[in-house]
Amino acid sequence: MNTTKEFDTVLKETRLFKPLPEFSKNAHISSLKDYERIYKESIEHNESFWGNVAEELHWFKKWKNVLNTKEAPFYKWFEGGKTNIAYNALDRHLTTARKNKIALLWEGEPGDKKSFSYWQLTQEVKKCAHVLKYLGIQKGDRVIIYLPMIPELAICVLACARIGAVHSVIFAGFAADAIKDRIDDCKAKLVITADGGYRRGKVLPLKSTVDEAIKDSATIENVLVIKRKEDAVFPCTLQKNRDHWYHELYHKVSSEHEAEVMDSEDMLFLLYTSGTTGKPKGIMHTTGGYMTYAYLTSKYVFDLHDTDVFWCTADIGWVTGHSYLVYGPLLNGATVLMYEGTPQFPDEGRFWKLIEDYGVTIFYTAPTAIRTFMKWGDEWPKKYNLSSLRLLGTVGEPINPEAWMWYHRIIGNEKCPIVDTWWQTETGGIMLTPLPGAISTKPGSATLPFFGIEPAIYTNDGKETDAGYLVIKNPWPGMLRGIYGDPDRYIKTYWSKWNGIYFPGDGARKDTDGYYWILGRVDDVVNVSGHRIGTSELESIFIEHPAVAESAVIGAHHEVKGQSLIAFVSLRSGQQSTPKLEKELMNLIETKIGKFACPERIIFSADVPKTRSGKIMRRLLRDIAEGRALGNVTTLADPAVIETLKTQYNEE
Ligand code: WT7
């Protein structure tokens with residue numbers, strides 16, 4: 001584990017921020033005592049706890065068992081129960097005072113605006129459901145959604161859920177090859193995309209990326225295209241009999257639609273994420289458990305009330321957008337804000353302007369964004385009135401205490417609790433977090449477990465300790481149900497290090513108050529600006545290039561991104577390291593994964609350090625990249641290699 005540096009920082013952190021009385025007064029969970037009481041109850045009577053939560057939602061038919069552990073780790077939640085998550089997120093509110101409440105506020109990067117009441121959003125989703133049906137999509141079919149952050153993204157996600165199709169959203173920054181891999185893996189029948197999407201003042205040609213991705217597809221039958229841009233920007237050509245404009249079909253279909261009755265364990269969505277080896281894995285989430293977990297975590301972690309305007313800045317292409325932009329807040333009848341573009345368009349004040357304009361009360365973003373804002377300077381947020389804010393949140397990577405304090409002072413004006421929420425694509429929802437009215441916070445700590453979650457820290461031998469591997473000891477409703485098409489990999493990756501114990505892949509430390517401090521990944525997964533990237537994916541792309549003999553990619557500490565990727569590449573004999581070659585290698589990553597996965601630096605070297613048995617010693621490469629003294633080098637096959645590399649790294 002690569003933790004020395006992080007250890008030092010967190011061990012020294014002693015600041016404690018008590019819940020603010022003004023906040024606690026109206027909070028759902030308003031004291032530590034309440035948290036402790038409910039937590040104890042949720043662990044001791046786990047099934048009745050979750051059963052009671054699920055009762056707050058609508059079920060067409062009640063479940064037989066809350067939890068079935070017979071085929072663990074293939075757990076089943078709310079077995080026999082029938083429900084529909086889109087119905088719960090929308091229709092359920094239409095018989096209440098929330099019918100005409102705003103569900104979704106949206107702003108495009110160019111400044112165009114839209115808003116939808118719960119009733120209006122329901123209508124849109126029903127129409128979209130019919131369009132999907134018209135294109136032959138049935139319950140259980142996989143639908144790829146590759147869209148910019150426009151309302152139709154949320155609408156399509158909900159429409160899939162409404163008809164029981166499995167959505168797999170791909171972040172619009174991914175390249176054609178990455179889309180192709182995902183389509184092939186899940187055998188999708190339909191892709192939904194747009195003619196373009198606005199980012200940093202430019203328009204992304206999403207449709208042509210899709211054309212490239214599906215040109216040899218054996219499974220894609222149709223492409224549904226949403227019109228986002230002016231025709232004049234660049235042309236968008238539709239292939240006859242395969243591609244369809246959404247707005248043309250939209251006008252043909254009815255706005256009456258009955259939600260499909262789904263089994264609690266029917267698949268809801270697939271979301272691809274990087275692992276330590278091989279291709280990205282399709283993380284499977286199912287209906288009833290995910291719904292219950294997204295609902296309760298949203299309610300308590302963000303302390304949602306009817307007067308809130310909740311802005312989660314994550315793209316719906318990542319799990320954060322699924323759980324806390326779409327499903328969780330809507331299940332709670334909240335108002336959400338969705339923004340299409342980047343924070344620096346037209347200038348670095350855009351986010352703060354959005355908060356002022358919409359009166360955002362809850363703001364949830366990533367540490368990398370916070371560090372970027374810090375770098376841009378306090379003058380940007382100070383230009384705007386941020387007094388509507390009452391709660392702040394972070395997710396995606398460990399937050400350094402300095403960034404936490406800046407967030408607290410400059411954005412929160414020392415009046416907003418900060419919830420540092422630890423979770424993963426696999427967990428479906430937040431696992432470790434303060435509850436803002438109840439739990440004191442410490443800058444850099446994700447604090448305590450959410451209800452029903454039993455974490456621990458293990459040594460390699462599976463003994464409980466206070467610094468080591470983070471584990472979760474019990475199942476929870478939001479958990480993944482598997483890796484699509486690969487049950488063995490599911491067991492091997494998550495449940496085998498210690499039999500029956502969930503292993504998330506993170507290192508952590510627990511302090512004397514029982515607070516958790518996440519120290520980062522312990523495997524070959526790098527977290528760049530909150531994006532999870534498997535180093536082996538990059539390595540296998542590099543060696544496809546004829547000039548490359550070997551490569552080792554590592555993550556190194558980065559001031560803004562948290563971590564950045566550094567690639568060590570050794571060339572075949574006779575090959576020269578030239579700027580042209582470097583560019584070619586970068587292009588390979590850009591076209592096979594996406595620009596966001598390009599390494600910060602490529603270091604060409606004669607060799608990479610290896611053990612005598614031929615295993616690349618990435619640990620030593622990390623030492624070099626982070627300027628540390630080299631760790632244990634006794635197992636190196638050729639100690640000269642590492643010395644040369646070190647000199648070279650520091651010279652370039
Ligand atoms: C990994 C999961 C789930 C939201 C977005 C990322 C890291 C996430 C925190 C946090 C420290 C965090 C972990 C985790 N992570 N939140 N609050 N503090 N680290 O989802 O792509 O599935 O990545 O992000 O390393 O394993 P993801």
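Remember, it's 1-based here, ligands and their atoms both numbered in the order they're listed.
Within the set Trp423, Trp318, Trp422, the minimum heavy-atom distance to atom 3 (C) of ligand 1 is found for Trp423. The residue from Arg532, Met431, Gln563 that puts a heavy atom closest to atom 23 (O) of ligand 1 is Arg532.
Checked by distance only, ligand 1 and Thr425 come closer than 3.5 Å through their nitrogen or oxygen atoms. For ligand 1, the polar-atom distance check against Thr394 finds no nitrogen or oxygen pair separated by under 3.5 Å.
Atoms of ligand 1 found under 4.0 Å from any heavy atom of Thr421, numbered from 1 in the order shown, are 9 (C), 10 (C), 16 (N), 17 (N). The atoms of ligand 1 that sit less than 4.0 Å from any heavy atom of Asn527 are 7 (C), 24 (O). Shown in contact with Thr320 at under 4.0 Å from a heavy atom are these atoms of ligand 1, numbered in order with element: 4 (C), 5 (C).
For the side chain to side chain contact (heavy atoms under 4.5 Å, CB included) test with Ile362, the passing option among Leu304, Val301, Val336, Val309 is Leu304; the others fail.
Residue contacts with ligand 1, taken as heavy atom pairs separated by less than 4.0 Å, do not involve Ala446 at all. Looking at Glu397 against ligand 1, only its backbone comes within 4.0 Å, counting heavy atoms. At a 4.0 Å heavy-atom cut-off, ligand 1 does not touch Thr427 at all. Under 4.0 angstrom from ligand 1, the non-hydrogen atoms of Asp506 all belong to its side chain.
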Please determine whether salt bridge (charged side-chain N to carboxylate O under 4.0 Å, His left out) holds for the pair Arg390 and Asp308, giving the CA-CA distance in whole Å, both sets of side-chain angles, and the decisive distance to 0.1 Å. CA-CA 9 Å; Arg390 65 178 201 96; Asp308 281 314; 2.9 Å; yes

Take Asp181 and Lys279, measure what salt bridge (charged side-chain N to carboxylate O under 4.0 Å, His left out) needs, and give me the verdict at the end. CA-CA 8 Å; Asp181 289 345; Lys279 297 246 184 225; 3.4 Å; yes

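With Tyr515 as the aromatic partner, Lys442 meets the cation-pi criteria of under 6.0 angstrom to the ring centre and within 45 degrees of the ring axis. Annotation: cation-pi geometry satisfied between Lys497 and Tyr469 (NZ/CZ under 6.0 angstrom from ring centroid, within 45° of ring axis).
Using a 30° and 60° split on the angle between ring planes, Phe171 and Phe174 fall in the perpendicular class, above 60°.
Salt-bridge annotation for Glu537 and Arg532: absent, with no side-chain N of the basic residue lying under 4.0 Å from a carboxylate O of the acidic one.
Under the 3.5 Å distance criterion, with hydrogens and angles disregarded, a donor-acceptor pair is assigned to the side chains of Arg142 and Tyr484.
Protein heavy atom closest to atom 6 (C) of ligand 1, with residue, atom name and distance, is Gly396 CA, 4.2 Å.
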